[in-house]
Amino acid sequence: MTAPSAWLDIYDLDAELTDEERLVRSTVRAFVDRDVRPLLRDAWEDGHFPKELIARMGALGLFGPTLTGYDLPGLGQRAYGLMMLELERGDSGLRSFASVQGGLVMYPIHRYGSEEQKSRWLQPLASGARVGCFGLTEPDHGSDPGGMITRAVRDGDCWVLNGNKMWITNGTLADIAVVWARTDEGIRGFLVEKGTPGFTTSLMRHKMSLRASDTSELHFDDVRLPDSALLPGVTGLGAALSCLNQARYSIAWGVTGAALDCLEEAAEYVGEREMFGGPLARFQLIQERLADMLCGVTKGRLLVERLAALKGADRATPAMISLAKRENCAMALDVARTCRQLLGANGISLEYRTGRHLCNLESVITYEGTHEIHSLILGHAITGHPAYRT
Ligand code: TGC
Ligand code: FAD
């Protein structure tokens, strides 16, 4: 296993970790280094998620690890954050798979599902035997999911679902889709199983980002669902948005890992690359950029450390989570872009990791609420005025 350079943790934050957190972190790091990195370049170039990793990720407890009961591990928030950091040190697509499976599929079933739904789905999803996806975004309703068109209408004991979801992570791989639809009672969540007549998926191709991730469209054409497919515990858009808090938290940690990986690669590169008669690392312009980036990743880690403590104490508000998602995605993208430049032409080659992270981070700053939406959420918290729509 490769140990990251000590200066990357200049504030010695790792000294605060418990033995359990250290073990979790080193286990996921070893998995990424040994089992994932060798697959990434080709999976990304080819445009597929390496499915062979799913069961391994389940065995490592990477899906829904903070959830309790139903034989789930109930780990702390910092341990979970460290897992996401280490996964995204590998690739954002890997962390995305875990964020969706745990935060957007297991979490709503755990929080809003019936006993029958929990007993049936939580363990298979935790182990990776089953895969889930989360369908909120539609072709014409991304930042404003409350405008969704997908509709479910009661028909006797059943529901009839019609509509389309777009940009859905794991959509084609999934055995179960958590789908949000408008009903006469308000927005409600449904569990739609693969193979249900009228439910089809199509893979979205030609992406320049998150290429080692399955991104799909979901189509519902008169899909008949039993009443038992409904998440009974809740009605309203707030339920769907509550799931986003879980995934946004994991992103805030995860992107710190992508930034650290870029910074480590770039620092090593400028140490070895000779130009104008010596290593690039001896130039002040290069050192200033390295210093700026070390400041960025250190502040990013401090933010999520504090957020983990707040979340663990059940005190994390949506605005706090927005702040960390917004800040850390912007920081990681800045770091990745600077590192890409420090690598010169090699920065655009998939023989190096930085260019792949940079492309991935363009998705990560967009999904789970764009940078601008998180500005507006913070603006709302500061002023009391919601400025999402005029
Ligand atoms: P608004 O009226 O503000 O809120 C409706 C109800 O929801 C409550 N609420 C929340 N509850 C829990 N957590 C949150 N984060 C919440 N945000 C809002 C709110 O209190 C209200 O409750 P109630 O009881 O009063 O009804 O709703 P709005 O329609 O004005 O929208 C607000 C806005 C723009 C912030 C929201 O729509 C938003 O967050 N938009 C961004 C959409 C987004 O993030 N989509 C993500 C899709 S999933 C995805 O991208 C997965 S990527 C894969 C991966 O994670 O790796
Ligand atoms: P739009 O909402 O059309 O926004 C376009 C631009 O306008 C953005 O810059 C935005 O910030 C800006 N904008 C919008 N509204 C305002 C405003 N009020 N004020 C100022 N600026 C504004 N969704 C799911 O449901 N499930 C998934 O699993 C999922 N996975 C994804 C995976 C990938 C790789 C990607 C790229 C997206 C995924 N999404 C998923 C969708 C994602 O959540 C949306 O792309 C995101 O919410 C933004 O919506 P949009 O793309 O429609 O952009």
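All values reported here derive from a predicted model rather than from experimental measurement. Both ligands and their constituent atoms are indexed starting at 1 by order of listing. Because only heavy atoms are used, hydrogens play no part in the values below, and waters and symmetry mates are left out as well, while side chains stay in.
Close approach of ligand 2 to Leu210 (heavy-atom distance below 4.0 Å) involves ligand atoms 34 (C).
At a heavy-atom distance under 4.0 Å, only side-chain atoms of Thr370, from C-beta outward, approach ligand 2. The backbone of Glu368, and not its side chain, has at least one atom closer than 4.0 Å to an atom of ligand 2 (non-hydrogen atoms only; backbone = N, CA, C, O). Under 4.0 angstrom from ligand 2, the non-hydrogen atoms of Leu376 all belong to its side chain.
Looking at Phe134, Phe220, Phe199, Trp159 one by one, the single match for ring pair (Phe, Tyr, Trp, His ring centres under 6.0 Å) with Phe190 turns out to be Trp159.
Taking all heavy atoms of Ser375, Pro386, Ala240, Gly142 into account, the minimum distance to atom 52 (O) of ligand 2 is reached by Gly142.
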Does ligand 1 have any N/O atom under 3.5 Å from a protein N/O, and what are those pairs and their distances?
| unit_1 | atom_1 | unit_2 | atom_2 | d |
| --- | --- | --- | --- | --- |
| ligand 1 | 13 (N) | Asn245 | ND2 | 2.9 |
| ligand 1 | 15 (N) | Asn245 | OD1 | 2.8 |
| ligand 1 | 30 (O) | Arg389 | NH1 | 3.1 |
| ligand 1 | 39 (O) | Arg248 | NH2 | 3.0 |
| ligand 1 | 40 (N) | Ser143 | O | 2.9 |
| ligand 1 | 44 (O) | Arg248 | NH2 | 2.8 |
| ligand 1 | 44 (O) | Gly369 | N | 2.8 |
| ligand 1 | 50 (O) | Glu368 | N | 3.0 |
| ligand 1 | 55 (O) | Glu368 | OE2 | 3.1 |
| ligand 1 | 56 (O) | Arg95 | NH1 | 3.1 |
| ligand 1 | 56 (O) | Ser96 | OG | 2.6 |
| ligand 1 | 56 (O) | Tyr367 | OH | 3.2 |

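Taking distance alone, with nitrogen or oxygen atoms compared against 3.5 Å, Trp167 approaches ligand 2 more closely than that limit.
Using a 4.0 Å cut-off between charged side-chain N and carboxylate O, Arg154 and Asp227 make a salt bridge. Look at Arg337 and Asp334 and you find a salt bridge, because one of the NZ, NE, NH1 or NH2 atoms lies within 4.0 Å of a carboxylate O, short of that distance.
Distance from atom 41 (C) of ligand 2 to its nearest protein heavy atom, with residue and atom name: Thr137 OG1, 3.3 Å.
Look at Asp144 and you'll find every heavy atom at least 4.0 Å from all atoms of ligand 2.
Of the possible polar contacts, none joining the His357 side chain to the Ala332 backbone as a donor-acceptor pair under 3.5 Å is found.
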